[in-house]
Amino acid sequence: MRLSRFHAPTLRDAPKEAELVSHALLLRAGFVRQLAAGIYTLLPLGVRTLRKIAAIVREELERAGAVEVLMPAIQPASLWKQSGRWDKYGPELLRLEDRKGNEFCVGPTHEEVIVDLVRRDVKSYRQLPLNLYQVQSKFRDEVRPRGGIIRAREFMMKDAYSFDADAEAAEKSYKDMFDAYHRIFERCGLDFRAVEADTGNIGGNLSHEFQALASSGEDAIVSCDSCEYTANTEKAAIGPVGTQAGDIQPGSMSSIATPGKRTVQDVTTFLGASPSDLLKTLIVDIDGVPTAAIVRGDHELNTIKLKLVLGADSVELAGEERVRKITGAPVGFAGPVGLEVPLIVDASVDVARGWIVGGNAADLHHKDAVLGRDTAEPRVLDIRLATHGDPCPRCNGSLREFRGIEVGHVFYLGTKYSEPMDLTFASQDGGTKPMIMGCYGIGISRIMAATIEQHHDDKGIRWPASIAPFEVAVLPLGKPGDDVFVAAEEIYNRCCHAGIDALFDDRKGRAGVKFADAELAGHPYQIVLGRNALADNVVELKSRATGETERVAIGDLVEHVKGLLAAPTGTA
RNA sequence: CGGGGUGUAGCGCAGUCUGGUAGCGCGCCAGCUUUGGGAGCUGGAUGUCGCAGGUUCGAAUCCUGCCACCCCGACCA
């Protein structure tokens, strides 16, 4: 590609709305332009990278036995009513009506459509297993799009769906996808972790997220330092904590005035205690039933875990009014003593010792309160948010915390969709059974941003060669028409013929501009041709990843570059 | 949806408090010079000052309403 005929407008300054590195660089280097909140146009460079990512995804999925389809973006509401999600999905689902008044939505995901497709034509166990996938734009009307294309409303996604005759086969499908995902993200050059995750809206009971590690990531994950355990903090279990009280017998409970001290910090500072000496009592509505969830002052409640462990449909923190009604005190003074709702206490709370707790009255706390002695008997459950340094639930190691960008997610769905939508098949024994499903997503456009978060420097992007828009940029330092340009053009042509994705910077600009643009766009290799080098019949080959330059004889150049590009994952 | 912020040329910004000819840098166009790290000189083009209404002789500036975008939170395959 000749840069003079291309369209890669670069910006010297980053638009001020771009906070994330990846967002700023995608704009500056001319990969994307924003059209509206969370809605982006991909420019030619962006399209090239997206296609390379999609090509890797397609290759690995086909290798794992999946077959590509392409479903419509617009879906009839009737299907969503059948699955029950028309009412459940909420405002994130963009709904619309056609001219006849029929209801539709813009697909945020395609379980309904794929089930409809498969139930029409797949009737027998002989046609299973089946795995269908597509690469397509999705639309989710996010409350708050952010971070450029990291969380866009319209984005490019690969979604795959597996159909199996029994659980054993379905687990194999899941495992095959899991393995394919590892290969995909490795080939994209990402540093990632597969983590155990909550299944959220999609449902099912087995799920892994693939998280690209990045300090700017939205998701918190914990990973054991000595075993394989890795989980989203939304779900992460916490190992047993030894009790610290030992033989110390707590004294009897007494009340203390704590005027105006509402927060854990205020109360413990006022009493000269540490946050780990206090119990926070949080009023939550569990499927509408008020309950007190109790965690240590230095811990955080995890409402998702609470929901999972209780098998509840919804867990919501009570509002100010409701807290006042239930505890009889303003927010900040809730405590378990005398409270007439069920108590759930976190497993890392030592029930043998005395605690500072709220007094259920304004400006009042108790100390030396012992759970079960001074309060109703609590249920003990693992309900807090895992954090750095917590014990691993699987071994004796401890958990470390990372931040990540979710680039993929695999779900074991079971019969969540096949039952309500009547997706059945004739089994070998002559009976009729619902199919066992799995679904598997990859955020193709998000990979582009996540990769930049991991691979950049102060000059710009450093693409792994596997997904770079171009593999090399040929930079002649001269004027169009002079011998340096002519030689560069010939080198460019030879690269093209050898199957190398080359960009020829045939603009009549100065050297500095060409270098700066090439570095911004992140081409893995620059082939720099100047007058002196040409006299020696060599070029300078510069690696974007290492910044190192080597002189290579023009005659050996193509083979040399091909060798570099064939190396695993290219750069960085 | 709660809190905060910003809307002035393609990008980055000043001007707004205290109303009076709409500016600066980069980019863009033309010419000359320059050509190994975002060139120099000369000349030029580009604005519904987010939108609507109001106050005023006069509004980018003051008032009212609205809209868009961004950030934090809540939310979220």
Side-chain angles (χ1 to χ4, degrees), chain A residues 9-20 23-24 27-28 30 33-39 85 88-93 107-111 138 140-148 150-153 155 157-161 195 197-204 206-211 216 218-219 232 234-235 303-304 314 316-317 319-320 405-413 416 438-443 446 459-460 475-480 482 484-485 505 507-520 526 528-534 539-540 542 547 549:
Chain A
T10 55
L11 303 174
R12 221 158 147 164
D13 303 305
K16 65 169 185 293
E17 69 269 15
E19 293 267 314
L20 286 189
H23 189 192
L27 289 168
R28 284 188 56 209
R33 288 292 181 260
Q34 183 175 12
L35 179 65
I39 301 179
R85 286 206 294 184
K88 251 187 129 172
Y89 213 94
E92 210 179 290
L93 184 64
T109 173
H110 279 66
E111 282 80 8
K138 296 284 186 277
R140 295 180 189 175
D141 199 357
E142 297 279 355
V143 198
R144 181 149 106 74
R146 71 180 89 187
I150 292 215
R151 175 180 293 278
R153 291 194 293 172
F155 59 99
M157 181 168 172
K158 183 285 299 176
D159 46 323
Y161 306 88
V195 314
D198 179 41
T199 51
N201 239 352
I202 297 289
L206 175 60
S207 162
H208 286 87
E209 286 171 355
F210 286 78
Q211 294 276 356
S216 57
E218 291 186 277
D219 296 317
N232 194 304
E234 285 178 352
K235 167 166 184 170
T303 52
I304 294 170
S314 89
E316 280 175 28
L317 274 172
E320 206 168 315
I405 298 164
E406 182 187 350
V407 288
H409 205 148
V410 293
F411 294 90
Y412 181 91
L413 292 174
K416 181 180 159 81
C439 75
Y440 317 90
I442 287 181
R446 190 179 272 185
K459 295 197 176 102
L475 311 181
L477 305 182
K479 276 184 285 204
D482 70 13
V484 169
F485 244 78
D505 190 347
R507 298 175 302 175
K508 106 179 157 200
R510 299 172 65 85
V513 173
K514 294 187 179 187
F515 288 136
D517 280 350
E519 269 146 16
L520 185 58
Q526 294 167 18
V528 180
L529 193 56
R531 193 158 303 281
N532 295 338
L534 183 59
V539 299
E540 287 156 29
K542 183 172 179 183
T549 298

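Below, chain A is the first sequence line, B the second, and so on; all start at residue 1. Given the structure is predicted, the values throughout are model-derived calculations rather than measurements.
- A/D159 comes within 4.0 angstrom of no nucleic acid atom, judged by non-hydrogen atoms across all strands.
- In this structure, A/K542 and A/E519 have side chains that are in contact, with non-hydrogen atoms separated by less than 4.5 Å.
- Within 4.0 Å of A/E142, counting heavy atoms only, lies no atom of the nucleic acid at all.
- Close to B/C72, at under 4.0 Å from its OP1 or OP2, lies a side-chain N or O of A/R144.
- For A/V143, counting side-chain heavy atoms from C-beta on, the closest listed nucleotide (B/C1, B/G37, B/C11) is B/C1.
- Legend: residues meeting side chain to side chain contact (heavy atoms under 4.5 Å, CB included) with A/R507, ordered by chain and number and at least two apart, are A/L3, A/D505, A/V513, A/K514, A/D517.
- For A/A14, the side chain to side chain contact (heavy atoms under 4.5 Å, CB included) partners at least two apart in sequence or on another chain are A/A24, A/R28.
- Between A/R146 and B/G73 there is a side-chain polar atom (N or O) within less than 4.0 angstrom of OP1 or OP2.
- If you check every strand for non-hydrogen atoms under 4.0 Å, A/A37 touches sugar and phosphate atoms only.
- Using modelled atom types, no side-chain atom of A/R140 and backbone atom of A/E92 make a donor-acceptor pair closer than 3.5 Å.
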For nucleotides 12-16 of chain B, which of its nitrogen or oxygen atoms have a protein nitrogen or oxygen under 3.5 Å away, and what is each distance?
| unit_1 | atom_1 | unit_2 | atom_2 | d |
| --- | --- | --- | --- | --- |
| B/G12 | OP1 | A/K16 | N | 2.8 |

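- Across all strands shown, B/C1 forms a Watson-Crick or G-U wobble pair, both distances under 3.5 Å, with B/G73.
- B/G43 is paired with B/C29 under the criterion used here, namely a Watson-Crick or G-U wobble arrangement in which both key atom distances are under 3.5 Å.
- Look at B/G53: its Watson-Crick or wobble partner, with both distances under 3.5 angstrom, is B/C63.
- In this structure, B/A9 forms no base pair with any nucleotide, since neither Watson-Crick nor G-U wobble geometry is met with both distances under 3.5 Å.
- A/K542 comes within contact range of at least one nucleobase, with a heavy-atom separation under 4.0 Å.
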Atom pairs under 3.5 Å, N or O on each side, protein against nucleotides 32-36 of chain B: can you list them with distances?
| unit_1 | atom_1 | unit_2 | atom_2 | d |
| --- | --- | --- | --- | --- |
| B/U34 | O2 | A/R510 | NH1 | 2.7 |
| B/G36 | O6 | A/G530 | N | 3.2 |
| B/G36 | N1 | A/E540 | OE1 | 3.0 |
| B/G36 | N1 | A/E540 | OE2 | 2.9 |
| B/G36 | N2 | A/E540 | OE1 | 2.5 |

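- A/R33 meets the side chain to side chain contact (heavy atoms under 4.5 Å, CB included) test with A/P9, A/L11, A/L27, A/L43; sequence neighbours excluded.
- Using a 4.0 Å cut-off between a side-chain N of Lys or Arg and a carboxylate O of Asp or Glu, A/E111 and A/K416 do not qualify as a salt bridge.
- Using a 4.0 Å heavy-atom criterion, one finds that A/E519 contacts the bases of the nucleic acid, with or without backbone contacts as well.
- The base-pairing partner of B/U34, taking Watson-Crick or G-U wobble contacts with both distances under 3.5 Å, does not exist among the strands shown.
- Looking at residues two or more places apart in sequence or on another chain, you find a side chain to side chain contact (heavy atoms under 4.5 Å, CB included) between A/D141 and A/L94, A/F139, A/R153.
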